[in-house]
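What follows is a short report on a single structure.
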Amino acid sequence: MFKSDSPTSTPRSIYPIPCLITFVAIFSAPHFALSVTDKPQFGSDPVLIGDAKFANDSSFVQLTDPRISSTSSGFLFRRRPIKLFSSYSKPRKPVSFSTDFSFSISPQNGDGLAFLVVPRSLLSRFSKGGFGVLEERRFLGVEFDTFVDEDVGDVNANHVGVDVGSLNSVKTRNASSVNLVLNSGMMLHSWVDYDSSSKKIEVRLGKFGGARPYDPLLVYGIDLGDMWKNEEVFVGLSSTSGKTTQTSCVYSWKFRTRSVPSWLHSQPLDPRAFSHKQKEKKLEQKKRICALGFLSGLVFIIGCGALLALIVLFLWALLENSLETILTIPAKCTVHSGDFSYEKINVVLEDDSNNTKN
């Protein structure tokens, strides 16, 4: 159902020493168990540490254990670390990632649940409390917090926040703004996307089974490539019950990375500068359109003038030809008497009748 495919993933046999170091670090964490399994809804390489365990015939992961009287913490993460810069290309390309997961948080006011990006060293220092990062000063977290902790400046007991190196969120948003209650016990679905070209992380939240929201609930600008450089990091989901019996469960989790072309990464980071360039482009386009409109109008006027001139010349030629035409009308012939002369002619007729008798 859910497959995790990352360009930075490598087969187990290629780097045996780093894998051995990782597992030694995990096993050396005090009072924490390790579980590795292959569950389709969690990808091909999920690892559980702390109080996290598979429940209900392995249909979901229970990150905290309500039976524990003290604080309970659990961490679900991918066994294979990632890099925020691709090591398969020269020059190195920044890496973006997208993850989405379905979860539920029981009604108690515990610490809730968080998506974490942490260094490899955290696994040996995963602690009980504060999503397991109390002893870590370099991490990125997206918290779904259900407890007001004045020590870290929580705004209310139903907020989503972005944490950078501290549980004091750099930016928060009330989940009530999208008509959701994080610790209602109902299944929710969240999408977390990091775009290395714009250097922004976007968080979306909705009901399980609903469509992915078009508008993000929370947007925060951060350069994770500069934060982690070429270091390998782990990504996962963590939860802490606080001083309550709050239970956080994860029903599915999908994570994937993608490399971004360097020409996209070179886009301006300041949205105002980008907006200014867009305005300049639009102004240039308007100028071009105006110039083309003026030229088209000029050509049209010249064409109309030429046509009018041809019509005038044609009419003028017709008029000239009509004036030069000569009509010849024959005059009536008159005869005067002085134009003729008369002459008298004597005609002698002989009578041959006598001769005939003789």
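When reading the values below, keep in mind they use all heavy atoms of this one structure, side chains included, and skip hydrogens, waters and symmetry mates. Please read all numbers here as calculations on a predicted model, not as lab measurements.
- For the residue pair S104 and G185, the shortest heavy atom distance occurs at CB-O, 3.8 Å.
- Put simply, V233 and M227 are part of the same group of oily side chains (I, L, V, M, F, W, Y) that touch within less than 4.5 Å, one to the next.
- The closest donor-acceptor contact from the side chain of N109 to the backbone of T146 lies under 3.5 Å.
- Side chain of T71 to backbone of G242: a donor-acceptor contact under 3.5 angstrom is found.
- The side chain to side chain donor-acceptor pair (under 3.5 Å) test with R258 singles out one residue from S98, S96, S196, and that residue is S98.
- Hydrophobic clustering, with ILVMFWY side chains joined whenever heavy atoms are under 4.5 angstrom apart, keeps W191 apart from F97.
- In this structure, CG on L84 lies 11.5 Å from NZ on K229, to the nearest 0.5 angstrom.
- Nearest approach of G161 to S169, heavy atoms of both residues: CA-OG, 4.0 Å.
- Residues L113 and V250 form a side-chain contact, since some pair of their non-hydrogen atoms from C-beta on lies under 4.5 Å apart.
- S241 places a side-chain N or O within 3.5 Å of a backbone atom of S72 that can act as its donor or acceptor partner.
- Put simply, the side chain of N183 reaches to within 4.5 Å of the side chain of V181, judged on heavy atoms.
- The distance from the CD1 atom of I105 to the OG atom of S248 is 4.5 Å, given to the nearest 0.5 Å.
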* To do: For salt bridge (Lys or Arg N to Asp or Glu O under 4.0 Å), just list the numbers for R204 and D100, CA-CA rounded to whole Å, side-chain angles, deciding distance to a tenth of an Å, and then say yes or no.
  => CA-CA 9 Å; R204 290 172 172 81; D100 67 273; over 6 Å; no
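- Cluster membership check: I68 does not share its hydrophobic cluster with L48, using side-chain heavy-atom separations under 4.5 Å among Ile, Leu, Val, Met, Phe, Trp and Tyr.
- Note on L205: it clusters hydrophobically with M186, by side-chain heavy-atom contacts below 4.5 Å among ILVMFWY residues.
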* Asked: Do V95 and I82 pass the side chain to side chain contact (heavy atoms under 4.5 Å, CB included) test, and can you show the C-alpha distance, the side-chain angles, and the key distance before you say yes or no?
  -> CA-CA 9 Å; V95 172; I82 66 167; 5.9 Å; no
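- Ring geometry for F126 versus F75: interplanar angle under 30°, hence parallel rather than tilted (30 to 60°).
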Validation: residues 206-221 side-chain donor-acceptor distances under 3.5 Å, sequence neighbours left out:
{"from": "R212", "atom 1": "NH1", "to": "D193", "atom 2": "OD2", "distance (Å)": "3.3"}
{"from": "R212", "atom 1": "NH2", "to": "D193", "atom 2": "OD2", "distance (Å)": "3.0"}

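- Side-chain heavy atoms closer than 4.5 Å link hydrophobic residues (I, L, V, M, F, W, Y) into clusters, and following such links, even through other members, never connects L182 to V148.
- By the side-chain contact (heavy atoms from CB on, under 4.5 Å) test, L315 is found to be paired with I311, residues two or more places apart in sequence or in another chain being considered.
- Contacts classified as salt bridge (charged side-chain N to carboxylate O under 4.0 Å, His left out) and involving residues 129-142 (residues at least two apart or in different chains) are given here: R125-E136, R138-E231.
- Formation of a donor-acceptor pair under 3.5 Å by the D51 side chain with backbone atoms of G74 is not found in this model.
- Here L237 contributes atom CG and F103 contributes atom CZ; the two are 9.5 Å apart, rounded to the nearest 0.5 Å.
- Taking CZ of F60 as the start and CZ of F54 as the end, the distance is 11.0 Å to the nearest 0.5 Å.
- Across L134 and G129, no two heavy atoms sit closer than the pair CG-O, 3.3 Å.
- Between V152 and S166 there is no side-chain heavy-atom pair separated by less than 4.5 Å.
- For the atom pair Y194 OH and T257 OG1, the distance stands at 13.0 Å (nearest 0.5 Å).
- In this structure, the side chains of V47 and L123 stay at 4.5 Å or more apart for every pair of heavy atoms.
- Between the side chain of S252 and the backbone N or O of Q41 there is no donor-acceptor pair closer than 3.5 Å.
- Using a distance-only test at 3.5 Å, with no hydrogens or angles considered, a donor-acceptor pair links the side chain of Q246 to the main chain of Q108.
- Residues satisfying the side-chain contact (heavy atoms from CB on, under 4.5 Å) criterion with T99, sequence neighbours excluded, are F101, F115, V192, W253, F255.
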* To do: Before giving the answer on side chain to side chain contact (heavy atoms under 4.5 Å, CB included), spell out for R78 and F234 the whole-Å C-alpha distance, their side-chain angles and the decisive distance to 0.1 Å.
  => CA-CA 7 Å; R78 297 175 75 246; F234 284 107; 5.8 Å; no
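- A salt bridge is absent between E202 and K200: the closest approach of a Lys/Arg side-chain nitrogen to an acidic carboxylate oxygen does not fall below 4.0 angstrom.
- Looking only at side-chain heavy atoms (C-beta outward), D145 and L167 stay at 4.5 Å or farther from each other.
- Listed here is the closest heavy atom pair of N158 and L180: ND2-O, 3.0 Å.
- Atom CD1 of I49 is separated from atom OG of S238 by 8.0 Å, given to the nearest 0.5 angstrom.
- By the side chain to side chain donor-acceptor pair (under 3.5 Å) test, D65 pairs with R67, sequence neighbours left out.
- Results of the side chain to side chain contact (heavy atoms under 4.5 Å, CB included) test with F139 over V117, L122, D163 single out D163 as the only residue that passes.
- Under the side-chain contact (heavy atoms from CB on, under 4.5 Å) criterion, D111 pairs with F131, F147, T240, sequence neighbours left out.
- Across every non-hydrogen atom of S190 and V203, the tightest pair is OG-CG1, 4.2 Å.
- You'll find the side chain of N174 stays beyond 4.5 Å of the side chain of V155, heavy atoms only.
- A donor-acceptor pair under 3.5 Å is absent between the side-chain atoms of T247 and the main chain of T64, judged by distance alone.
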* **Chi angles and distances behind the side-chain hydrogen bond (donor to acceptor under 3.5 Å, both in side chains) call for S59, D57** => CA-CA 6 Å; S59 61; D57 295 329; over 6 Å; no
